[in-house]
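Before any comments, here is the structure.
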Amino acid sequence: MRVIAVSTLKTFWDKPGRADSEEPLKTWYGEACRAEWKSPGDVKAQYGNASVVGNNRIVFNIAGNKYRLIVAFAYRMQIAYIKFVGTHAEYDKVDAATVDQS
């Protein structure tokens, strides 16, 4: 998969108090770049705790479920669009199917 935009992840982990998200987000990024997911089922097979929320979006639990990552997928084009990364409190304030932080 081609992941757009890693800068969203970097901006997040560079914020004060969020350094603990850097390695888990880098790990997710590396795994996503190597993946060839063709459907939400493929993603769920690798990330059993991920939640499919509609609109081709999946929510990933990051850093032991401390953070949430929302990604929209264009499976045919093999592109993953990062739409949101935040704490649970921040996640609770957004609509996962429509949020666009990028």
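Note that the numbering runs from 1 along the sequence shown for the chain. If you're wondering where the values come from, they're calculated on a predicted model, not measured in any experiment.
A donor-acceptor pair under 3.5 Å is formed between the side chain of R57 and the backbone N or O of A96. With hydrogens and angles disregarded, no donor-acceptor distance shorter than 3.5 Å links the side chain of N49 to the backbone of N61. In this structure a side-chain-to-backbone donor-acceptor pair under 3.5 Å is present from S39 to G41. Within the 3.5 Å criterion, the main-chain N or O of D14 finds no donor-acceptor partner in the side chain of R18. The closest donor-acceptor contact from the side chain of E90 to the backbone of T87 lies under 3.5 Å.
Between P40 and V52, the shortest heavy-atom contact is CB-CG2, 4.0 Å. Summarising the geometry of I62 relative to P24, their closest heavy-atom pair is CG2-CB, 3.7 Å, with the distance given to 0.1 Å. Residues K83 and V99 approach most closely at CB-O, 3.5 Å, considering heavy atoms. The shortest heavy-atom contact between C33 and V3 is SG-CG2, 4.0 Å. Between A35 and Q46 the shortest heavy-atom distance is CB-OE1, 4.4 Å. Pairing each heavy atom of N65 with each of R68, the nearest pair is OD1-NE, 3.6 Å.
V59 and I4 are members of different hydrophobic clusters when ILVMFWY side chains are connected at heavy-atom separations under 4.5 Å. In the hydrophobic clustering of ILVMFWY residues, with side-chain heavy atoms under 4.5 Å counting as a link, V43 and Y29 come out together.
Put simply, NZ on K44 and OG on S51 are 6.0 Å apart, with the number rounded to the nearest 0.5 Å. Interatomic distance, OH of Y67 versus NE2 of H88, reported as 10.5 Å (0.5 Å rounding).
K93 NZ: 12 or fewer foreign heavy atoms inside a 6.0 Å radius.
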Could you give the side-chain donor-acceptor pairs of residues 69-82 under 3.5 Å, partners two or more places apart or in another chain?
residue : atom : partner : partner atom : Å
Q78     : NE2  : W37     : O            : 2.7
Q78     : NE2  : Y75     : O            : 3.0

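Checked options K26, K66, K15; the residue passing with D20 is K66 (criterion: salt bridge (Lys or Arg N to Asp or Glu O under 4.0 Å)).
Below 30°, between 30° and 60°, or above 60°: for Y91 and F84 the angle between ring planes is between 30° and 60°, a tilted geometry.
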